[in-house]
Structures are given as C-alpha cells and as structure tokens.
Asker: 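Next up is a structure, given as structure tokens.
Just the heavy atoms: all of them, side chains too, but no hydrogens, waters or symmetry mates, feed the values below. Order of listing sets the numbers, starting from 1, for every ligand and every atom in it.
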Amino acid sequence: MLIKRRPGWTIPEQRVTPEAVVLARRAMLGGAGAVAVAAPARAQWHLFGGAGTPATPRQPLAAPRDAKYDGGRPLTPEKDSTTYNNYYEFGDDKSIADAAQALPIDPWSLEIAGMVARPRTIALEDLLKQVTLEERVYRHRCVEAWAMTVPWTGFPLADLVKLAEPAAGATYLRFTTLADHKTMPGLTHSWYPWPYIEGITLAEATNELSFLSVGMYGKTIPKQDGAPIRLTLPWKYGFKSAKSIVKVEFTDKRPVGFWQQLQDSEYGFWANVNPAVPHPRWSQAQERLLGSDEMVPTQIWNGYGDTVASLYDGLKNERLFA
Ligand code: MTE
C-alpha cells in the first residue's frame, strides 16, 4: 500500500468526500454496523489476446504522438499516475491499484445504444480495427485539486460517434461503466448510485479534444486507470472521464452523472475547470502536481480554452464550472 506524506495544504480526505456520501454512510453504519468488504478475487490478466497473471506487465501499445497535444509541462512519473487513483468501485482511497488487478477486461465489448442508426455491441478488438490510434499528452485536473500530465494512447471520441451514426435528435452521450459485483468491493457500498455513469453533449463529444484512451505511457492502460477503455476529457474535472466503459448511449435527455446524483451542488453536469469558481468546500485556484507535489496555478478550461470555450457560447445560464 502506498503511503504518501501529504503537504499541509492538501485537502483532507473527509473534506473531499461529498457531504451526502458522508451522511448516508454514517446513517448506514450507525444502523447496520460496519460493512464487511470482501477481498477482491485475483483474475487473469489478458488483453487483446495477451495472457498472464495480474503481475504480468502491460502490453506495449505504441502509436505515433500527435505533437499538437504536448501537455505543456513535464510528464507525471508513471509510478505516480498509476498508484494514486480514483476508482471508487475498488475503494474510497487512492491506493486501489492492487485491488483493481481483479478487473476482468478480456473479453470486453462496448454496447452502442439509444438514438443511433443501428444499436449494436462491438468487441473492443473489432472497434480498434476501425480506428487509428495516436498518442496525446494531456493535462488532467481532478476536482480535488491534484493534477497530472499523461501520454494517453487512444482515438478521438468523434470517430466512435461517426461509427455509431447518431439519429438527428440525439444531443447527449451517456456512458455506463462496468459494475461487476464479483470483483469490485466498492459496489457493496450501497450509498453510492452504481453503476458509475457520466454524460456529455454530442457537441462536446465531437470536439477534437474528446478522447477514448486504451493506453498510457506506450502500454495498454492499467486497470486502476480505467482499462481497457476510458474517456479522457482534459478541460473538465477528472470525474467526467469515466473508466472501464461498457455502454455508450445516444439520447436527447441530459444524463445525470454518478457524482451529480450524489451532490449536484458540488459536482454538476458541465464540470469545466475554472480556477475562479471555487468548489463549495475548497478553492480551485491551484493544483498539486502528482510526483513533485509542486503547487501550480489552475488555468481556465485547464488551459484548453482555444479549443473548447466556443462550445459554451450561448449557455450563459448554465452552471458551466462547478
Ligand atoms: N470512473 C469510474 N468508473 N469510477 C471512478 O471512481 N473516478 C473519476 C474518473 N473516472 C472514477 C472514474 C475521478 S474522480 C477521477 S479524478 C479520474 O477517474 C481519475 O483517474 P485516474 O485514477 O486515472 O487518475
């Protein structure tokens, strides 16, 4: 288990946990006694035909780097971005990397559903044959005020939208992620609204920055970071970047995300990064870089305003930043 010495400014865990969760958890623990969390079973580690044990290194996944997306700051050391995670299905703290090795990722398929020409389920291998992988370095800003800079391998979400052939009235994408009771101990925590859902508009999904990642640092994505396929939306707070996606639904109804369902006033639908709009319980002005623990100023739209700000023209009455 990773033990990290936290500098004094770090948000204590209990302040980060949404109030609604704390209250629901207290009520439940008070009534029913401590909830036993089963130790996750170890699963075989296969991906795209590879086989092995949980300790087997990830498969190489080289793709040409698109220099347009360079992150603008040094890469976060891989050991830091792959050992300090949020993946609540495996636990409430940051040290879930070992537990996440139980995630069953092979075979994996993606259901394309809702308002599309042809609802269907595609095996991940087949999907990957229809897209071109590239590497992009993106900044990631968690709503908890930590940040990282990571080389992701993947493909534009716009390519999936194209393959899906959305119907004329579809305006949102709703992402559902894996909820596997056999391997995910967090699912026994019934105060959370499983499965983890996230949503964005179709306009956001077809913006060039929206990315579906299947790799990190030139290898397949680690389980703890959302294997085998996750969203990467670098101008939004990290909770919008759903991990281990199993279903993409096209809809005309605005999806309600996991955190939004718990506490809309703290984790709204849009969740665009803005240092000038504090979280109700802490400032968003600065962020702590994983690895160095250096504090740096947070940028509006996480620095991606040139590419995404125009998406929000005309949405002045929406709560775009919290
Ligand atoms: N996706 C699922 N399925 N479950 C989660 O708990 N956490 C979110 C997001 N995607 C989460 C998720 C949050 S809060 C963040 S900040 C990022 O994943 C963290 O990604 P990382 O662990 O790769 O840094």
Side-chain angles (χ1 to χ4, degrees), residues 2 4 11 13 16-18 21 58 75-101 103-105 108 110 138-154 174-180 183-187 189 191-200 211-217 219-248 255 257-263 266-268 271 273 279 284 287-291 298 302:
L2 177 78
K4 247 185 135 51
I11 302 155
E13 211 66 48
V16 172
T17 306
V21 174
R58 287 143 48 205
L75 291 185
T76 301
E78 186 174 349
K79 69 171 173 30
D80 295 300
S81 46
T82 59
T83 54
Y84 188 90
N85 297 101
N86 275 335
Y87 200 159
Y88 280 73
E89 288 87 335
F90 290 102
D92 285 3
D93 65 40
K94 305 292 185 246
S95 304
I96 52 74
D98 283 347
Q101 300 318 305
L103 179 69
I105 57 171
W108 194 273
L110 213 56
Y138 276 165
R139 294 184 291 280
H140 172 104
R141 171 60 157 83
C142 178
V143 72
E144 298 163 348
W146 55 266
M148 60 184 184
T149 312
V150 166
W152 300 100
T153 303
R174 182 176 188 269
F175 299 86
T176 305
T177 75
L178 185 71
D180 178 34
T183 55
M184 295 174 153
L187 300 190
H189 298 173
W191 51 85
Y192 289 122
W194 308 112
Y196 195 101
I197 302 269
E198 258 311 336
I200 56 174
F211 206 56
L212 279 168
S213 298
V214 292
M216 229 177 145
Y217 299 91
K219 288 166 273 180
T220 50
I221 200 163
K223 294 185 176 188
Q224 61 271 27
D225 288 283
I229 184 163
R230 69 170 283 171
L231 266 179
T232 313
L233 304 169
W235 74 100
K236 289 183 176 285
Y237 289 117
F239 68 86
K240 298 294 293 184
S241 292
K243 296 177 166 181
S244 309
I245 297 165
V246 291
K247 182 174 175 184
V248 185
F258 177 87
W259 290 108
Q260 189 186 1
Q261 206 175 317
L262 279 165
Q263 193 81 317
E266 302 193 357
Y267 310 100
V273 174
H279 182 278
Q284 296 291 24
E287 60 204 52
R288 175 178 61 96
L289 300 181
L290 293 190
T298 288
N302 204 19

Asker: Mark the output for Arg230 as yes if a heavy-atom distance to ligand 1 is under 4.0 Å, and as no if none is.
Answerer: yes
Asker: Decide whether an N or O pair under 3.5 Å exists between Ser81 and ligand 1.
Answerer: no
Asker: Heavy atoms only: give me the nearest Leu103-Lys223 pair and the separation to one decimal.
Answerer: O-NZ, 2.9 Å
Asker: Report yes or no: does Gly226 have a heavy atom closer than 4.0 Å to ligand 1?
Answerer: no
Asker: Check Ala145 against Gln284 and note the closest heavy-atom contact, atom names and distance.
Answerer: CB-OE1, 4.2 Å
Asker: Asp225 and side-chain hydrogen bond (donor to acceptor under 3.5 Å, both in side chains): which partner among Asn86, Asn85, Thr82?
Answerer: Asn85
Asker: Just to confirm my output: which protein heavy-atom neighbour is closest to atom 18 (O) of ligand 1, and how far is it?
Answerer: Lys243 CE, 3.4 Å
Asker: Does Tyr196 approach ligand 1 within less than 4.0 angstrom via side chain, backbone, both or neither, non-hydrogen atoms only?
Answerer: side chain
Asker: State whether a side-chain donor-acceptor pair under 3.5 Å links Ser213 with Tyr138.
Answerer: no
Asker: Measuring from non-hydrogen atoms of Trp146 to any atom of ligand 1, is the shortest distance under 4.0 Å?
Answerer: yes
Asker: Hey, can you tell me if His279 and Tyr267 have their rings parallel, tilted or perpendicular (30° and 60° cut-offs)?
Answerer: tilted
Asker: May I ask you to identify the nearest protein heavy atom to atom 4 (N) of ligand 1, giving residue, atom name and distance to one decimal place in Å?
Answerer: Glu89 OE1, 2.8 Å
Asker: So for Met148, does at least one of its heavy atoms come nearer than 4.0 angstrom to any atom of ligand 1?
Answerer: yes
Asker: If we set the cut-off at 4.0 Å for heavy atoms, which region of Asn86 has an atom near ligand 1: side chain, backbone, both, or neither?
Answerer: both
Asker: If the contact criterion is a heavy-atom separation under 4.0 Å, does His140 count as touching ligand 1?
Answerer: yes
Asker: Under 3.5 Å, is there a donor on one side chain and an acceptor on the other for Glu198 and Gln260?
Answerer: no
